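None of the values given here were measured: they were computed from a predicted structure. Throughout, a chain's letter reflects where its sequence line sits, starting with A, and its residues are numbered from 1.
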Amino acid sequence: MIEIRGLRKSYGPDQAIKALKGVDLEIAAGEFVVVLGPSGAGKSTMLRCINRLAEPSAGEVIIDGMPFASPGRRELRQLRRKVAMIFQQHNLVKRLSVLKNVLVGRMADLPGALTLLHVFPESDVALARHCLEQVNLAHKAEARADTLSGGEQQRVGIARALAQQPKIMLADEPVASLDPKTSRVVLSYLKKICKESNIAVLCNLHQIDYALEFGERVVGLAAGEKVFDGRPEDVTQEVVHRIYPGLDDPHALGAARLLAERRGRTAGETPRPAALGRA
Amino acid sequence: MVLAGYRLVVNPPRGPLGWWMVALVAAASAACLWWAAIGTKLSLADLIEGLPWIGDFLGRMLPPNLAYMQNLVRPAIESVQIALWGTVLGVVLALPVCFFAARNLSPHPAIFHAMRQVLNVMRGINEIILALIFVAAVGLGPFAGVIAMAIHGAGMLGKFFAEAIEEIDQGPLEALSAAGAGTAQRIVFGVLPQVLPAWIGVVLYRFETNIRVSTVLGMVGAGGIGFELISSMKLFQYENTAACVVVILVLVLGADLVSSKLRAMIR
């Protein structure tokens, strides 16, 4: 279980810009939580404060009962081992093979000197290959990362996160640069892994319809504050306006709900295996 | 400005002076060049007057003494050997410095600036001057040339290595950090794969430059074909000088060819 308590982040001269104004959040193992909010609401900042790519100004992150208040170097590596991240631009090392990119997820656990010579324990290589199978890319293990399509690269990003065997995966707008079809495939894999491996997922999204379709729980952030936390069914027009103040589209929610429901009816709650593997 | 149906589409320079600024800069540039021309005794008349002498000199050089070339094989090979080790040692010297001289990897801005200055000093002193110093230190011969070349080369290689590091995509590095990788792992898996093509290109370019430099190091007694060149001139054996020039041209063009072929292969 992951607990976030009173998370604050300010920056700029005199800490004048307050990106997060005290966010509390509890996420259970295997829970798929979608974070909605306009650009600048603090979605990315929140994720980056959890794995300390950004240093929070106040508050704490507790993972499996272990608080990481102000971690030292060693504790930081321990924290990051339990918290995997999936990036909008996948952030693969383009000139390395797909397999090595997945092995990056193992590095925190591995003896430094050997990995520097590109030598990895057999068990970790097997684990990395298994993670690639989970996203149906085992056949691309030896290919260079930059020969893959955008959707495939993001699936490698998911495999890399999975290879960490984390408690929680942070996905920062994982489908923002993908087309609709590829986006659904990537989100389906993410949800499948969340459920099968019982890993919590905290996923920033911009699309309300994907949030309603894939999220088990929706968290709304606006101007650094949590303005909604509930089931997708409970997202009302009023909630949408709370999350996106000044949104002048009265049909935004209706359209999203219609889309999500129709997809749910035709494709079922979890996409069929046939829908996976492509794109 | 409109003339016969055509319009000059250029914005006037920013600032209150507008076009007057351009005129001012042009006048200042012209004055500066004029001043330098006086200092260097630039004179077309002297050049024209000197043409017969150039002709005379070329006449004495031609035809190159091809028989002399067999004496040049060993020095030419020595030049290539100097360039080879000068390049390798330059890379060895530059490698540990370049990570600290890259703004995005350097642990502290002060270290970054200090390392940049170290590289600037190394690069700032010409190879020939360094060779003079090392001839005095380790004696006449190619080894002095190797050290001189390595030091000057390290200054240039380190700067270009560091600049390549500064241009990498930070995303993969961030992903490595987020996965809990250590600094060495970040460098080996995040930095090196991204900079390697650029680095190889720079090293090959440096090797090409070093071949050119190695052909003149002999003039100060630091080994290679430059020694034969300068001694043949001092003995007024201009046909032999011409033979040296031909061999140097072959070396330089060969290095250029090989290096550009190899650089094309990395892409």
Side-chain angles (χ1 to χ4, degrees), chain A residues 47-48 50-54 71 73-97 100-120 144-146 153 156-157 160-166 169-170 172, chain B residues 91-92 94-100 102-109 111 160-205 262-267:
Chain A
L47 296 197
R48 298 168 69 83
I50 293 174
N51 67 358
R52 286 209 157 51
L53 281 180
R73 244 187 134 107
R74 175 167 301 209
E75 284 158 316
L76 189 62
R77 281 185 82 165
Q78 256 179 356
L79 163 77
R80 286 179 173 170
R81 197 150 138 173
K82 295 183 176 184
V83 182
M85 194 165 204
I86 296 159
F87 299 83
Q88 182 185 339
Q89 299 298 340
H90 10 88
N91 288 359
L92 302 184
V93 185
K94 294 190 172 59
R95 293 176 56 86
L96 289 184
S97 72
K100 259 181 217 163
N101 269 290
V102 178
L103 280 167
V104 164
R106 301 297 313 145
M107 276 186 188
D109 287 328
L110 295 179
L114 274 183
T115 57
L116 298 188
L117 300 169
H118 294 242
V119 176
F120 295 89
R144 237 170 72 163
D146 55 4
Q153 292 193 27
V156 176
R160 176 177 62 190
L162 183 61
Q164 275 181 249
Q165 302 183 310
M169 285 188 188
L170 311 170
D172 195 4
Chain B
V91 172
V92 169
L95 270 182
V97 181
C98 70
F99 296 106
F100 295 97
R103 201 181 290 270
N104 50 348
L105 284 192
S106 202
H108 193 271
I111 297 177
F160 282 120
F161 283 180
E163 277 172 1
I165 293 174
E166 285 175 358
E167 277 166 24
I168 63 171
D169 177 8
Q170 293 289 321
L173 274 188
E174 194 168 58
L176 276 147
S177 296
T183 308
Q185 288 171 330
R186 273 155 45 91
I187 288 176
V188 169
F189 289 90
V191 178
L192 289 189
Q194 293 196 60
V195 297
L196 221 50
W199 280 15
I200 293 173
V202 170
V203 171
L204 286 172
Y205 176 69
L262 285 176
R263 267 184 284 168
M265 267 167 63
I266 328 169
R267 288 203 192 93

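Between A/L162 and A/M169, the closest side-chain pair of non-hydrogen atoms falls below 4.5 Å.
In this structure, the salt bridge (charged side-chain N to carboxylate O under 4.0 Å, His left out) partners of A/R106, at least two apart in sequence or on a different chain, are A/D109, A/D124. In this structure A/K82 satisfies the salt bridge (charged side-chain N to carboxylate O under 4.0 Å, His left out) test with no other residue, sequence neighbours excluded. Shown here are the salt bridge (charged side-chain N to carboxylate O under 4.0 Å, His left out) partners of A/R77, two or more places apart in sequence or in another chain: there are none.
Salt bridge present: A/R48 and B/E174 bring a charged side-chain N and a carboxylate O closer than 4.0 Å.
Of the atoms belonging to A/Q164, it is side-chain heavy atoms, and not backbone ones, that fall under 4.5 Å from chain B. For chain B, the nearby part of A/R160 is the side chain; its heavy atoms alone come within less than 4.5 Å. Heavy atoms closer than 4.5 Å to chain B are found in the backbone of A/L92, but not in its side chain. Residue contact with chain A, scored on non-hydrogen atoms closer than 4.5 Å, is absent for B/Q170.
Of the listed residues (B/G190, B/A184, B/A178, B/G182), the greatest number of heavy-atom pairs within a distance under 4.5 Å of chain A belongs to B/A178.
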Kindly indicate, with the supporting measurements, whether the criterion side chain to side chain donor-acceptor pair (under 3.5 Å) is fulfilled by A/R80 and B/S177.
-> CA-CA 8 Å; A/R80 286 179 173 170; B/S177 296; 4.8 Å; no
Apply side chain to side chain contact (heavy atoms under 4.5 Å, CB included) to the pair B/D169 and A/K94, showing each step before the final yes or no.
-> CA-CA 10 Å; B/D169 177 8; A/K94 294 190 172 59; 3.8 Å; yes
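Listed by sequence position, B/P193, B/P197 are the residues of residues 192-205 of chain B in contact with chain A, using a 4.5 angstrom heavy-atom cutoff.
Other residues, nucleotides and ligands contribute at most 12 non-hydrogen atoms within 6.0 Å of the CZ atom of B/F160.
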